[in-house]
Amino acid sequence: MSDRTRGLKDVLWALALAGLVAAVFRLRFGLGATTNLTDRVPWGLWKILNMVAGVAISTSGFTVGFLVYVLRLERFRPLMKPAILVAFLGYGCSCTALLFDIGLPWRFWHPFVMWNGHSFLFEVFWCVILYFTVTAIELAPTIFQKLKAEKAAAILHPVAFGVVVVGISLSSLHHSSLGSLFLVTPERLHPLWYTPLLPLLFILSAMGAGIMFVVLVRILHAHWYDREAVFGPSRVEHELLIVRSKERNGAERRPVAAGPDMPMLTSLASIGTGILGVYLLLQLFNLIASGSWQALLEGTWESWLYTGEVLIVAVLPILLVWLPATRGSPTALGIAAFSASAGLVLNRLDAGIFGYFQDAGEVYFPSLIEWAVSVGVVAAAALVFLFFAETMPIFRTPVVEAGRTRKFGASFDSLSRVWYAALRGGMERATLVAVLVIPPAWALMYPPFHTEEPPDVTPAFRVTRDSLRIDGNGGGVETIFPHADHQERLGGDTSCVHCHHMSLPGDETTPCSRCHRHMVDSTLIFDHARHTVAVAKKEELAGLFPENHTCTVCHTKGETEAASTAKHCLECHKENTDWTTEYDESDTLAWAVSYMEAMHKNCMECHKKEAEGANRPELPDCSICHRSLAPRIADKRTVLVGTRRSRSRIP
Amino acid sequence: MKAILMDATRCTGCERCVAACIEANDLDPVQAQVDRAVTKDGLSENRFLSVPKVEEGRFVRLSCMHCLEPSCVSACLVGGITKTQDGPVVYDPDKCIGCRYCMLACPFHIPRYEWSSPVPFMRKCDMCAGRQNDGQVPACVEACPYEALSFGDRDALLRDAHALIGSGEGRYLDRVWGEHEFGGTCVLYVSDVDLGVLGWPAPGTESIPSLTEPLIAKTPVIGLGVMGSLLGINWVIRRRMKLARDGNGPHDGDGRASETDEIGP
């Protein structure tokens, strides 16, 4: 009986179980560890796919209800129960997925008692919950019928029309409000999707594509259970029919290759695509009226997405349903229905996720766990759908053969061999228990996957290389600066201030020339005595008499007292400067830390210490170094930031 | 209504306000330091306040703007966020269900979520509402060594801001950020550079609740209207069907009525 769906059910069971495991992970480790949601993209797959899109695609309950109960179009009556079932399961999916999405699931009842009438989400919550109840009431007679509780079903009969009317009102409210949810993001949502018409667009597309979805469900049901009803007789039978009709009528009149339900489905799809046509016109009107058509012509990722979405949600289904060539073909109708449904989901994903990428400045892709829960919930709903389809009088053609009386529980085996087997056999029962218990238990023991490694916060000042490359004036000429050597010669770890202190506030690097420029300057870094000794030693080694020559090694003869006559440092220390080599980023040298970092880490410590000792509490204040309203550095300079190897040139 | 006015030209980016904020809100300073390095704008669930660099040498204080008509307050479905009389927009963790609609609704991307916690809450600046109740100024204002921040009555601060712009001899741009944008905010800025990077919209952008609240006020009307029209349509159709059945109704090609009769329940 259900051989056709056996493989499908196995897959659905696997997905549903995977979803269950993922859900346990999510509850155990929280949203951050299990989802890819961020502060910039706070709403992800569960909210948008399961809630916004899931609710939208379940519109069938109210649209078909409107056609059948209010407009009294009795020809759609056979689709009433499938439509209600789809709505019930769709809303059930949304509520279930939302339970995992909200941060504190055990507080799901809060909106019942804590009201905020200004919130569209509040309205959506109430309408969804109420409408879910409505679909449950609408579905109840079918279940009562199955359970042979006709009395209970009879109680519900008189209120059926009222329930449907209430349901339609609730639906018309929350389907538009789902669009209004995004009205709060005028600055964030991409202009192709943001429009004050969002509520209207949302309800129109949901109605149109929701109708197409119930058509799709009917066609899929037919594909699995009663092919003839929609697809007509099989190929062989079809050929036979042609032969027979030829014999009978003698005419070339070919019977249509479609089942008895096709006219009804085509008629319903005409209504659905008609609504989608209105939706399409409204979209075009909005594009022109709001001027967002300009964004469409930009050729961005979003504009292509928008174009594709509109094509598959409206254009393709309308063409397939209305063109004479494809009208009446079950396959074409199936494609049209699938296209509209997929387009609706894509539209909701666009308006809820993709449309925010530009503003968020980052791309969100759901994590494996998000996918697992999202798909698992839908798979579970599909299983329940198949269960209902097989055991309850949902569709016109009953699937369970008449006369085959089986108990409710036992009939579950048609849904799942796993379940059935577990109910019966000892070994199988153990297997089921293992499947249900071990993964969650394992999940409970497992450490969170995205264990956030504390990022390596580089201390602001850390000499990582003995030598630094310095380009003090940003002129593009670098010199190799033996930093460790300087440190050692100037007195070790506490010696930084000898150089770094010399720079004026506002400087971000300390050029050598700031120190090495003037021998008799009071900010002397140039150690004259040391140079004299060093030069004398060199002269001595060269066999000269130092006392006669030492001064003139650097100074002009006769004017040795003047600093201005001294040689340029580089004339002797040329070995430290590499004028020609183009440095490779990966070489062993590091860029010098910036003045700011050196200052903040090193100087501030002393300032703080001194502040206590000298009772000068203002010493560590920023304003000690940073002048208020100081003129900004106007000249172009190269800023060397930390030990990062790249430089950014400030315009 | 109290407000904070920032003179962006006076800020050196020393982040003493951040340190004070961390202390006042009892946040984890080490984690805050880490978050400073890994987040784009320096805000996190451990860091309600940051001082991003707008351009070279120009820093601004960034945290909750405490809008006069806050989008988050309007969005929260359980009413967990409220705008108090004194100005602060405060969050009630006891109501929150974790839907994160406030984060989507905030035009400034301010609310942060405790993603790493299994029992997560939204975190953001509350303008030191507790300190204000005790008669103190917000911690960040108190900490600023530069007097870049000032705290006081919003109207008085607005007057100060305009006076500052007028006396600044063209140093400031002629705009007080937060005066009208999104219906006005309780954090105001004067600056010599454009502050659009903080999320400020074009001048005079209306508040977000003004986009949604008129619509949601119509909800009961729409609901009842739909219900009424449904009953009306249904009454007309039933009547036409009845008339058709009785034989004295319109016998035109009303396929709907006749068809219904044929199938019949």
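Just so it is clear, the structure is predicted and the values come from calculations on it, not from any experiment. Computed over heavy atoms, backbone and side chain alike; hydrogens, waters and symmetry mates excluded. Just so we're on the same page: letters track the sequence lines, and every chain starts at 1.
Taken to the nearest 0.5 Å, the NE2 atom of A/His118 stands 9.5 Å off from the OG1 atom of B/Thr212.
Of the atoms belonging to A/Leu189, not a single heavy atom falls under 4.5 Å from chain B. For A/Ser177, no part lies under 4.5 angstrom from a heavy atom of chain B. Residue B/Asp92 does not touch chain A at all, counting heavy-atom pairs closer than 4.5 Å. If you measure heavy-atom distances from B/Thr39 to chain A, you find no contacts under 4.5 Å at all. Residue B/Val236: no heavy atom, backbone or side chain, is found under 4.5 Å from chain A. Only the side chain of B/Phe182 has a heavy atom closer than 4.5 Å to any heavy atom of chain A. When heavy atoms are compared at a cutoff of 4.5 Å, B/Arg238 approaches chain A solely by way of its side chain, counted from C-beta outward.
Side-chain contact between B/Arg100 and A/Leu31: present, with at least one pair of heavy atoms (C-beta onward) separated by less than 4.5 Å. Residues A/Asp359 and B/His109 have side chains in contact (heavy-atom distance under 4.5 Å, counting atoms from C-beta outward). The shortest distance between side-chain heavy atoms of B/Ile97 and A/Met114 does not fall below 4.5 Å. Side chains of A/Tyr69 and B/Leu230 form no contact here, defined as non-hydrogen atoms less than 4.5 Å apart. A/Arg40 is listed as a side-chain neighbour of B/Asp41, based on a closest heavy-atom distance under 4.5 Å. Residues B/Tyr101 and A/Leu181 meet the side-chain proximity criterion, which asks for heavy atoms closer than 4.5 Å. Using a 4.5 Å heavy-atom threshold, the side chains of A/Val70 and B/Ile237 count as separate. Side-chain contact check for B/Leu215 versus A/Ser180: some heavy-atom pair is nearer than 4.5 Å.
Counting heavy-atom pairs closer than 4.5 Å to chain A, the top residue among B/Pro201, B/Cys99, B/Gly199 is B/Cys99. Interface remark: of the candidates B/Thr219, B/Ile222, B/Ile233, B/Thr219 forms the most heavy-atom pairs closer than 4.5 Å to chain A. Counting heavy-atom pairs closer than 4.5 Å to chain A, the top residue among B/Pro209, B/Cys96, B/Ser71 is B/Cys96.
When every heavy atom of B/Val78 is checked against every heavy atom of A/Asn116, the shortest pair comes out as C-CB, 4.4 Å. Scanning both residues, B/Lys40 and A/Ala360, for their nearest heavy atoms gives NZ-O, 3.7 Å. Closest approach of B/Asp94 and A/His110 over heavy atoms only: O-CE1, 3.1 Å. In this structure, A/Leu121 and B/Ala75 approach most closely via the heavy-atom pair CB-O, 4.4 Å. Between B/Ala105 and A/Arg188, the shortest heavy-atom distance links the atoms N-NH1, 4.4 Å. For A/Leu104 against B/Pro120, the heavy-atom pair with the smallest separation is CD2-O, 3.5 Å.
Using a 4.0 Å cut-off between a side-chain N of Lys or Arg and a carboxylate O of Asp or Glu, A/Asp39 and B/Arg123 do not qualify as a salt bridge.
With sequence neighbours left out, the ring pair (Phe, Tyr, Trp, His ring centres under 6.0 Å) criterion links A/Trp115 to A/Phe122, A/Trp126.
Listed by first then second residue, pairs satisfying salt bridge (Lys or Arg N to Asp or Glu O under 4.0 Å) with a partner in residues 202-222 of chain B number zero, not counting sequence neighbours.
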